[in-house]
Amino acid sequence: MAVAAEAAKLRAQGVNLVDFGAGEPHFNTPQHIKDAAVAAIQANFTRYTVVPGVPDVRKAIVERHTADFGSSYTIDEAVFTAGGKLALFNTIQVLVDHGDEVILPVPYWVSFKDIIEYAGGKTIFLQTSEEESFRITADAIERAITPRTKAIILNSPSNPAGSIVTAEDLERIVHLAHERGIYLLLDECYVYLNYPGKCVSGGSYTFAKDHLVILGSLSKTYAMTGWRAGYALAAKPVAANLSKLQSQSTSNATSFVQKAAIAALASSQVCVEQFRTEFIELRDYMLARLATIPGVTCTKPEGAFYVYPNVGAYIGKGGIKTATELATRMLHEAHVVTVPGEAFGTAEHVRISYPVTKQNIDEGVRRMGEFLTGLK
Ligand SMILES: Cc1ncc(COP(=O)(O)O)c(C=O)c1O
């Protein structure tokens, strides 16, 4: 968001930027979803609804998740929220007390850390290795557990590195959490953008339901970032508390967005597959272009729509001491927007979001290359 603000200032001055900063698909929201919202407005579906969302939207959430992952939730265990971020925020406020530890793999999406801290929790950073594509393993999670561990956050595929937890590790982590009485928060924002194979959800391990919270988002799956549509799936006591907390903040998420969400979740999923296919092509295109910049290395992301190149070879050159300085100078001098790795807990990377046109990838990477190799 900070990078976007800085970039917006430059854009307002007429600067032609290549924007690799935005964490959102470049597709338009599919027509049938827009139509459902328009129809709902025309039908005056514009009043308060019950706090966790109308039964039909919760039914659509539950049925989609059951069909895709074999989970088993009732509509009382679903809460529709104004975006996935709010589902996460409310869940952490409900579950995490002062001094509780929350395990968070690095690199992480920055909101996890800040939301944990806002609740008074203590973030336990779990380092991963770039050589192993930042993969999170059950062994590493087990080593990080202490008697104060309240929750573990898993975001697979991840923002920013696109790393995934394998199905075997996921199963072991679910068992670990359940046996030790720890909540496992599964951020499934990018769950349908899992490239190597079958999309998996910890929610399919129904025996562990009491310790699982599924955090879902329609933002990236259906190109709906601005609509603010997300949800939580959790066993009744947690779901009831999420609803109670929501009743004192947003109340229901926007009524006609609920209707749009029903259209998204309950009708054909062809658009999801189309987006996924295009993202894979763009990822491969982006990786091939980046490989032309000497000294820049990059893991192959297995999901989401970011690449997380290591630009460490250029830190120390041209008076640049940090990735933040590098991204800032690259923004002002090469007019390319990236997000510095410090925002995600690592020192030598920048995050590049690749839902842009191939022409923009060509131009942006060309500018990056020229800027970086020109540093002395
Ligand atoms: C990992 C992760 N989780 C959750 C979200 C929240 O998305 P939204 O609030 O738009 O549903 C994002 C958005 O960037 C994200 O990257």
Side-chain angles (χ1 to χ4, degrees), residues 52 71 73 76-79 81 83-128 136-156 158-159 163 165 169-189 191 201-217 230-249 344-345:
S71 59
Y73 289 94
D76 294 339
E77 295 171 323
V79 182
T81 57
K85 191 187 269 186
L86 188 62
L88 169 74
F89 184 88
N90 288 351
T91 301
I92 302 256
Q93 303 314 314
V94 160
L95 296 180
V96 176
D97 290 324
H98 280 250
D100 284 348
E101 293 180 359
V102 181
I103 297 174
L104 179 64
V106 181
Y108 48 79
W109 177 49
V110 70
S111 293
F112 291 132
K113 173 177 153 297
D114 288 352
I115 292 172
I116 294 164
E117 286 170 10
Y118 183 76
K122 184 172 171 212
T123 312
I124 304 299
F125 297 103
L126 186 69
Q127 297 304 325
T128 57
I136 301 145
T137 64
D139 286 341
I141 298 257
E142 185 164 21
R143 283 194 294 273
I145 292 174
T146 77
R148 295 237 55 178
T149 307
K150 188 63 168 282
I152 300 162
I153 294 184
L154 279 191
N155 171 217
S156 175
S158 78
N159 175 4
S163 61
V165 180
D169 275 297
L170 180 62
E171 182 172 356
R172 277 193 56 209
I173 296 166
V174 171
H175 274 279
L176 259 177
H178 186 56
E179 282 153 22
R180 312 257 180 122
I182 296 166
Y183 287 101
L184 183 57
L185 311 190
L186 297 160
D187 182 327
E188 298 190 346
C189 187
V191 74
S201 166
S204 61
Y205 301 103
T206 52
F207 69 87
K209 195 201 250 185
D210 286 351
H211 293 109
L212 300 178
V213 183
I214 310 285
L215 301 161
S217 169
Y231 58 85
L233 290 168
K236 264 186 208 136
V238 175
N241 280 335
L242 291 176
S243 193
K244 193 170 175 186
L245 179 58
Q246 178 153 298
S247 77
Q248 301 303 353
S249 54
F344 310 100

Subject >> Test applied, side-chain contact (heavy atoms from CB on, under 4.5 Å); reference residue, Q246; option that passes from N241, V79, V94 >> reply: V79
**OP:** For K236 and D76, work out which heavy atoms get closest and say how close.
**Re:** CE-CB, 3.8 Å
Original post:
Atom CG of N155 and atom SG of C189: how far apart are they, to the nearest 0.5 Å?
Top reply: 7.0 Å
Original post:
When rounded to the nearest 0.5 angstrom, what is the spacing between CD1 in I103 and CD1 in I153?
Top reply: 10.5 Å
Subject >> Point-to-point distance, once rounded to the nearest 0.5 Å, from CG of L126 to OG1 of T137 >> reply: 7.5 Å
**OP:** Applying ring pair (Phe, Tyr, Trp, His ring centres under 6.0 Å), name anything that partners F112, two or more places apart in sequence or on another chain.
**Re:** W109
Give every donor-acceptor pair under 3.5 Å between a side-chain atom in residues 140-148 and any protein atom, sequence neighbours left out.
residue : atom : partner : partner atom : Å
E142    : OE2  : R180    : NH2          : 2.9
T146    : OG1  : E101    : OE1          : 2.7
T146    : OG1  : R148    : N            : 3.0
R148    : NH2  : D100    : OD1          : 3.3

Subject >> Mutual orientation of the aromatic rings belonging to Y205 and H175 [parallel < 30°, tilted 30-60°, perpendicular > 60°] >> reply: tilted
Original post:
Closest approach of L245 and Q93, non-hydrogen atoms and distance?
Top reply: CD2-CB, 3.8 Å
Subject >> Residue pair V165 / L170: nearest heavy atoms and the distance that separates them >> reply: CG1-N, 3.6 Å
Subject >> Backbone N/O of K244 and side chain of S247: donor-acceptor pair under 3.5 Å >> reply: yes
**OP:** Indicate the atoms forming the closest heavy-atom contact of P105 with L154, along with that distance.
**Re:** CG-CD2, 4.5 Å
Subject >> Trace of the side chain to side chain contact (heavy atoms under 4.5 Å, CB included) decision for L95 with V102 >> reply: CA-CA 10 Å; L95 296 180; V102 181; over 6 Å; no
Subject >> Shortest non-hydrogen contact between Y231 and A87, atoms and distance >> reply: O-CB, 3.6 Å
Original post:
What's the shortest heavy-atom distance between A78 and L233, and which atoms?
Top reply: CB-CD2, 3.6 Å
Original post:
For Y118, does the OH atom have more than 12 heavy-atom neighbours from other residues, nucleotides or ligands under 6.0 Å away?
Top reply: no
**OP:** Determine, stepwise, if the pair I214 / S201 fulfils side chain to side chain contact (heavy atoms under 4.5 Å, CB included).
**Re:** CA-CA 9 Å; I214 310 285; S201 166; 3.9 Å; yes
Subject >> Donor-acceptor contact present, side-chain S156 to main-chain S158, <3.5 Å >> reply: no
Subject >> Separation of K150 NZ from I116 CD1 (nearest 0.5 Å) >> reply: 13.0 Å
Original post:
Are the side chain of S217 and the backbone N or O of G230 linked by a donor-acceptor pair below 3.5 Å?
Top reply: no
Subject >> Residue pair L212, Y73: steps toward the side chain to side chain contact (heavy atoms under 4.5 Å, CB included) verdict >> reply: CA-CA 11 Å; L212 300 178; Y73 289 94; 4.1 Å; yes
Original post:
What is the distance from atom CG of D114 to atom CZ of F89, rounded to the nearest 0.5 Å?
Top reply: 10.5 Å
**OP:** Would you sort out whether I182 and L184 count as a side chain to side chain contact (heavy atoms under 4.5 Å, CB included), showing the intermediate values?
**Re:** CA-CA 6 Å; I182 296 166; L184 183 57; over 6 Å; no
Subject >> Student check: side-chain heavy atoms of T128 and P107 closer than 4.5 Å >> reply: yes
Subject >> Contact check, side chains of T91 and L185, non-hydrogen atoms, under 4.5 Å >> reply: yes
